[in-house]
Amino acid sequence: MQNEAVARLLENIAAALQLKAENIFRIRAYEEAARNIRFLKEDIAENWRQGRLTEVPGIGTSIAQKIGEFLQTGKSAYLQELCDGYPVAFLELLKIPGIGPRRAKLLYDHFHVTKLDDLADLARRQQIRQIRGMGPKTEEQLSRELARLGQRTQRLPLGIAWPLAERIASLLRNSPAVGQAEPAGSIRRRLETIGDIDILVASDRFAEIRKLIADLPLTKEILASGSTKITFLTAEDFQVDIRIVPQESWGAALQYFTGSKEHNVALRELAVQKGYKLSEYGIFEVESGRKVGGRTEAEVYELLGLTPIPPELREKRGEIAAAAAGSLPRLITLADVKGDFHVHSNYSDGNSSIAAMVESAIAHGYQYLAITDHSIGLGIARGINQEKAWRQWEEIRRLNKQYAPFRILSGVELEVRATGELDLSEELLAGFDFICASVHSGTRSDAERITKRMGSALRQHWVHVLNHPGGRLLNQRPPYEYHLDQLLQTAKETGKALEINGSYLRMDLDDSSARKAKEQGVLLSLGSDAHSVAGLDAMQLAVAIARRAWLEPADVLNTLPLAELLQWLEREKL
DNA sequence: GCCGTTTTCGGCCCGACTGTTTTCAGTCG
């Protein structure tokens, strides 16, 4: 799969075009094409072989030709030509906040800077301020950014950033100076990882808010403080941006600061077509300049002739056309989820008893819970063998009487061996109510092998769900190289479900894969992968992905009420 | 360079902040 490499090529071309001060729209075209290739779940090389490159949005004949050359030769004459006189590594400079094309070019022309180290050195020797147009302040800022870049933590997983943002918002709401406060930006869109934490505040008492933030126990340092924005670092070095707007602009501002950028651009274009101007302050009639809306988000969308679009869909992936046609999906919510299909107890590597997990599931409003401890194959987890399985079934029988009508399903998370075989006997498997299967090893084997391995797990009669099919761990391990299309085909043929795992480090399937699964008619299932009572809350993250994947309740197995789920499981046994 | 229920040519979002300026360019989101 060379999609990532192709996307980078196009981004490099876009960057090089910036240095040449090329037409901004040509630059945007390359960036847009790169973005769309990242979203694409098919192999771009396959598209190219079939001569279907220009069917990808944002790719026309010119960009298609450049992609073709790159796929064939691994190089791009066009990029080389653009970089003529500049080393390609020089494009690195553009990644530093505060350096755009103009300054990058200035730095190169004056000092032949090509590496970040060179730049740090120049800043230390106070050489940068010699350049006309760049003074001591700029030099200091660059020094700071370079230092931060060195120790920059990776993007924060949503599971960390979201609760933190809610906590800060709730602290702000406690102040009489604050009307409303909500996390915005990518947190509100439930993107799987977050750069900076954005929080929107409605207030006209800026000074009080500034003091409030300075006094928060979790504030380490205030980085910047303009008239509408305060930026600070938390004790853990996470960056938080607080935006302050007047109450009457709340809706337009929330819309604007939620993004995504691409969604907002498209919305503004639509506004222009309809004779409006849209900004974070509201929606205005162009002719009269009169403000016609902006107190609420819904108002903004409705004035543009759109059904209000849930934040999770605002990625410019077809949501605007759907909203215009009134055909947005009725997205799944946490309340639609009737049970959890992936939890561990102290029978394997969980740290709570089955009874405790059940009590928590009941408190979450569920009707059922599958206890899916690891099978023996995963050595580290003290997994389920025959003797343990019998003991666990006995306990579950007893607890089912105690907690009726709530239903505990005896389950297991099976290891899928490298051969595709499962690691418990057929006879034993037949005794479980619910079986999911996982790959936990050989994560770097080639795409053919791992796809085949997962596929053969799905074809095993007793398996209901394939867990975390992508195999990634955020910030730790990239997803498997595997053929999503093939896997989806197998899932469809067998009628088995693919899991969306809500564990904050997994978030797997990811949103665009899950969306593709839905489009192919593949069933999904949601699991928290809880290893403790508190872990059940991770269902929120699974639902977040499901919503970003446009899933409706009918697409997800565990939205079925208990009776219907039992029927489904019964049919699967045949 | 892409794209099309007003267009196959002429569009392609909008505003804030910062620093270094004597009125604005560069960068960002």
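Letters go in sequence order (proteins before strands), and every chain restarts at 1. What you see below is based on every heavy atom in this structure, not just the backbone, and it leaves out hydrogens, waters and symmetry mates.
In plain terms, the two heavy atoms of A:S279 and A:F284 that are nearest each other are OG-CE1, 3.9 Å. Taking every heavy atom of both residues into account, A:I187 and A:P183 meet most closely at CG2-CB, 4.1 Å.
In this structure, A:Y256 reaches the bases: a heavy-atom distance under 4.0 Å links it to at least one base atom across the strands shown. At the heavy-atom level, A:L267 lies nowhere under 4.0 Å from the strands shown. Here A:N23 lies in heavy-atom contact (under 4.0 Å) with a base. Contact annotation for A:K105: no contact, since no heavy-atom pair falls under 4.0 Å across all strands. At the heavy-atom level, A:I27 lies nowhere under 4.0 Å from the strands shown.
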Listed pairs, N/O of protein and of nucleotides 2-5 of chain B, under 3.5 Å:
residue: B:dC2; atom: OP1; partner: A:G60; partner atom: N; Å: 2.6
residue: B:dC2; atom: OP1; partner: A:G60; partner atom: O; Å: 3.3
residue: B:dC2; atom: OP1; partner: A:I63; partner atom: N; Å: 3.2
residue: B:dC3; atom: OP1; partner: A:G58; partner atom: N; Å: 2.7

Pick out the pairs of N or O atoms, protein on one side and nucleotides 16-20 of chain B on the other, that lie under 3.5 Å.
residue: B:dA16; atom: OP1; partner: A:Y281; partner atom: OH; Å: 3.2
residue: B:dC17; atom: OP1; partner: A:S227; partner atom: OG; Å: 3.2
residue: B:dC17; atom: OP1; partner: A:T228; partner atom: OG1; Å: 3.2
residue: B:dG19; atom: O3'; partner: A:T138; partner atom: OG1; Å: 3.3
residue: B:dT20; atom: OP1; partner: A:G135; partner atom: N; Å: 2.3
residue: B:dT20; atom: OP1; partner: A:G135; partner atom: O; Å: 3.1
residue: B:dT20; atom: OP1; partner: A:P136; partner atom: N; Å: 3.4
residue: B:dT20; atom: OP1; partner: A:T138; partner atom: OG1; Å: 3.3

Heteroatom pairs (N/O) under 3.5 angstrom, protein to nucleotides 6-9 of chain B:
none

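Note: CZ (A:F257) to C1' (B:dC14) measures 11 Å, nearest angstrom. Atom NZ in A:K316 sits about 10 Å away from atom C1' in B:dC12, given to the nearest Å. As a whole-Å value, the separation of A:L107 CG from B:dT27 C1' is 14 Å. Remark: P of B:dC14 and CD1 of A:I283 are 11 Å apart, rounded to the nearest angstrom. Whole-Å rounding puts the A:L270 CG to B:dG11 P distance at 19 Å. Rounded to an integer number of Å, the gap from A:R102 CZ to B:dT21 P is 12 Å. Distance, A:F25 CZ to B:dC12 P: 7 Å, rounded to whole Å. As a whole-Å value, the separation of A:R314 CZ from B:dC13 C1' is 17 Å.
Taking atom P on both nucleotides, B:dT7 is separated from B:dC12 by 16 Å, rounded to a whole Å. Taking atom P on both B:dA16 and B:dG10, the two are 33 Å apart, rounded to the nearest angstrom. Remark: the separation of the C1' atoms in B:dT20 and B:dA25 is 10 Å, to the nearest Å. Taking atom P in both B:dT21 and B:dG26, the straight-line distance is 13 Å, to the nearest Å. Here the separation of B:dC2 from B:dT6, taken at their P atoms, is 23 Å to the nearest Å. Taking the C1' atom of each, B:dC13 and B:dG29 are spaced 12 Å apart, rounded to whole Å. Nucleotides B:dG11 and B:dC28 place their P atoms 29 Å apart, quoted to the nearest Å. B:dT5 and B:dG19 have their C1' atoms separated by 47 Å, given to the nearest Å.
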Step by step, would you call A:E285 with A:R290 a salt bridge (charged side-chain N to carboxylate O under 4.0 Å, His left out)?
CA-CA 5 Å; A:E285 256 176 17; A:R290 196 169 59 91; 3.4 Å; yes

Residue pair A:E262, A:R268: steps toward the salt bridge (charged side-chain N to carboxylate O under 4.0 Å, His left out) verdict
CA-CA 10 Å; A:E262 290 80 8; A:R268 285 168 182 213; over 6 Å; no

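Classification of A:E552 and A:R330 as a salt-bridged pair fails, no side-chain N sitting under 4.0 Å from a carboxylate O. With respect to A:K518 and A:D555, a salt bridge is recorded, a charged nitrogen being found less than 4.0 Å from a carboxylate O. A salt bridge between A:E46 and A:R49 is present, with a side-chain N of the basic residue lying under 4.0 Å from a carboxylate O of the acidic one. Residues A:R515 and A:E315 are not paired through a salt bridge, judged by the lack of any N-O separation under 4.0 Å between the basic side chain and the carboxylate. The pair A:K516-A:E519 fails the salt-bridge criterion, with no side-chain N (NZ, NE, NH1 or NH2) lying under 4.0 Å from an Asp/Glu carboxylate O. With respect to the salt-bridge test (charged N to carboxylate O, under 4.0 angstrom), the residues A:E140 and A:R124 do not qualify.
Side chain of A:S260 to backbone of A:R314: a donor-acceptor contact under 3.5 angstrom is found. No side-chain donor-acceptor contact under 3.5 Å links A:T234 to the backbone of A:L218.
In terms of phosphate contacts, A:K261 brings no side-chain nitrogen or oxygen within less than 4.0 Å of OP1 or OP2 of B:dC14. A:R26 has a side-chain polar atom (N or O) that falls below the 4.0 Å cut-off from OP1 or OP2 of B:dG1.
Among A:R190, A:R189, A:R317, A:R547, the single residue meeting the salt bridge (Lys or Arg N to Asp or Glu O under 4.0 Å) criterion with A:D511 is A:R317. Here the options are A:R472, A:R506, A:R155, A:R548, the test is salt bridge (Lys or Arg N to Asp or Glu O under 4.0 Å), and the partner is A:E192; only A:R472 passes.
For A:Y78, whose side chain is taken as the heavy atoms from C-beta onward, the closest listed nucleotide among B:dC13, B:dC14, B:dG1 is B:dG1. Considering only side-chain atoms of A:R243, the nucleotide from B:dC12, B:dG29, B:dC14 that sits closest is B:dG29.
Pair assignment for B:dC3 gives B:dG10, based on Watson-Crick or G-U wobble hydrogen-bonding distances that are each under 3.5 Å.
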